Amino acid sequence: MDFLVGVKEVGEILGWDRRKVSTYQLRGVLPKPVVHLYSGPIWFRKQIEFYKAGKDFGVRTYYIKGEMVYECTYNQPFKDTSYSPKDIKEQTGNYILYYEKDVQQVKNAILEKKPIVQFLSFGSISILHDLGILETVVFQDYIQQYSFEDIESKEGWVKE
């Protein structure tokens, strides 16, 4: 099951020792684990790989809700910004914008079990959840719609 990782594997991916992984997980810096077992937290490998890519490239994430622009970070509440939707679109640098109307369409598709959901990337849905944009109940509903085998094959995690 290479698509699931624990503290040891997260440390290998990020180049950290186990203590640092545990400390950062307890502080809420890392993506939310999929489950907490007696042996420790468990993540999907893609969650950690996306987290690492975001850190390595200094990508900021913003969520536009109405006329408000929020900065999003893993496992943290939204941070108010002084940007307007127009201002943020004119910014330079590495950033990702999520719009309330688009996220709402994704939520509706998941909750209404529309066939298009099978084509949504697990990584994209997971990031929306880890950033607090997609509620846990919606994320869990998405996961329940697909077995782990489906997630594995969609993300290319199945070893031939």
Side-chain angles (χ1 to χ4, degrees), residues 1-65 70-79 93-100 102-111 113-114 116-160:
M1 285 216 245
D2 285 347
F3 66 96
L4 295 174
V5 294
V7 172
K8 177 182 179 279
E9 294 84 5
V10 170
E12 290 170 357
I13 292 166
L14 298 175
W16 299 350
D17 64 34
R18 290 173 145 195
R19 272 191 330 250
K20 186 172 181 177
V21 172
S22 295
T23 300
Y24 276 56
Q25 189 272 322
L26 290 172
R27 290 181 183 168
V29 174
L30 293 174
K32 296 173 191 168
V34 176
V35 68
H36 287 275
L37 301 176
Y38 184 72
S39 60
I42 302 295
W43 294 268
F44 287 113
R45 177 178 296 278
K46 286 291 183 188
Q47 285 178 281
I48 302 304
E49 290 172 349
F50 282 119
Y51 170 80
K52 183 180 188 311
K55 284 186 64 67
D56 289 350
F57 296 108
V59 177
R60 291 184 173 223
T61 304
Y62 297 99
Y63 179 51
I64 298 177
K65 186 173 185 176
Y70 301 98
E71 184 173 357
C72 306
T73 54
Y74 287 95
N75 298 329
Q76 301 296 318
F78 293 154
K79 190 187 309 179
N94 295 329
Y95 63 88
I96 299 170
L97 290 178
Y98 291 103
Y99 295 88
E100 178 183 26
D102 297 332
V103 172
Q104 190 59 50
Q105 288 178 341
V106 169
K107 288 180 192 178
N108 291 342
I110 291 169
L111 295 173
K113 297 178 180 14
K114 293 188 176 179
I116 191 72
V117 173
Q118 66 184 316
F119 300 107
L120 298 176
S121 157
F122 171 76
S124 298
I125 300 300
S126 176
I127 287 173
L128 290 174
H129 174 254
D130 291 340
L131 292 171
I133 297 171
L134 189 70
E135 296 88 353
T136 298
V137 68
V138 178
F139 182 63
Q140 289 172 341
D141 198 29
Y142 171 79
I143 290 174
Q144 289 174 355
Q145 288 182 46
Y146 300 97
S147 67
F148 286 116
E149 291 80 21
D150 288 341
I151 291 172
E152 281 184 53
S153 62
K154 281 184 190 174
E155 299 298 328
W157 296 335
V158 175
K159 289 188 176 180
E160 305 283 329

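All figures in this text were calculated on a predicted structure; none of them were measured in a lab.
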For V117 and A109 the tightest heavy-atom approach is CG2-O, 3.1 Å
Let me see the working for K20 and L14 under side-chain contact (heavy atoms from CB on, under 4.5 Å), right down to the final yes or no. CA-CA 10 Å; K20 186 172 181 177; L14 298 175; over 6 Å; no
Could I get the full list of side chain to side chain contact (heavy atoms under 4.5 Å, CB included) partners for V103, not counting sequence neighbours? Y63, Y98, K107, L128, I133
Checking the side chain of W43 only, and the main-chain atoms of P31 only, is there a donor and an acceptor separated by less than 3.5 Å? yes
Using only atom types and a distance under 3.5 Å, with no angle test, would you say the side chain of Q145 pairs donor to acceptor with the backbone of I110? yes
Side chains of T73 and K79, heavy atoms from C-beta outward: is any pair under 4.5 Å? no
Side-chain ion pair, K46 and E49, N-O less than 4.0 Å: yes
Is it true that E9 and R45 make a salt bridge, defined as a side-chain N closer than 4.0 Å to a carboxylate O? no
Any residue meeting salt bridge (Lys or Arg N to Asp or Glu O under 4.0 Å) with D17, in chain and number order, not counting sequence neighbours: R19
Looking only at heavy atoms, the pair that brings F44 and I143 closest together is CE1-CD1, 4.1 Å
Nearest heavy-atom neighbours spanning Y99 and I64: CE2-CD1, 3.5 Å
Which atom names give the shortest non-hydrogen contact between V7 and S22, and what distance separates them? CG1-OG, 3.9 Å
Identify the two heavy atoms, one from Y62 and one from C72, that lie closest to each other, and give their separation to 0.1 Å. C-SG, 4.4 Å
Partners of Y24 by ring-ring contact (aromatic ring centres under 6.0 Å, His included), sequence neighbours excluded? W16
Please say whether more than 12 non-hydrogen atoms of neighbouring residues, nucleotides or ligands are located less than 6.0 Å from NZ in K32. yes
For the OH atom of Y142 and the NZ atom of K113, what is their distance to the nearest 0.5 Å? 13.0 Å
Starting at NZ of K55, measure out to OH of Y74 and round the result to the nearest 0.5 Å. 10.5 Å
Working to the nearest 0.5 angstrom, can you tell me the gap between D141 CG and L134 CG? 10.0 Å
Any heavy-atom pair between the side chains of H36 and Q25 that's under 4.5 Å? yes
Knowing that exactly one of V29, I13, D130 qualifies, which makes a side-chain contact (heavy atoms from CB on, under 4.5 Å) with Y51? V29
CZ-CD1 distance between R60 and I96, expressed to the nearest 0.5 angstrom: 13.0 Å
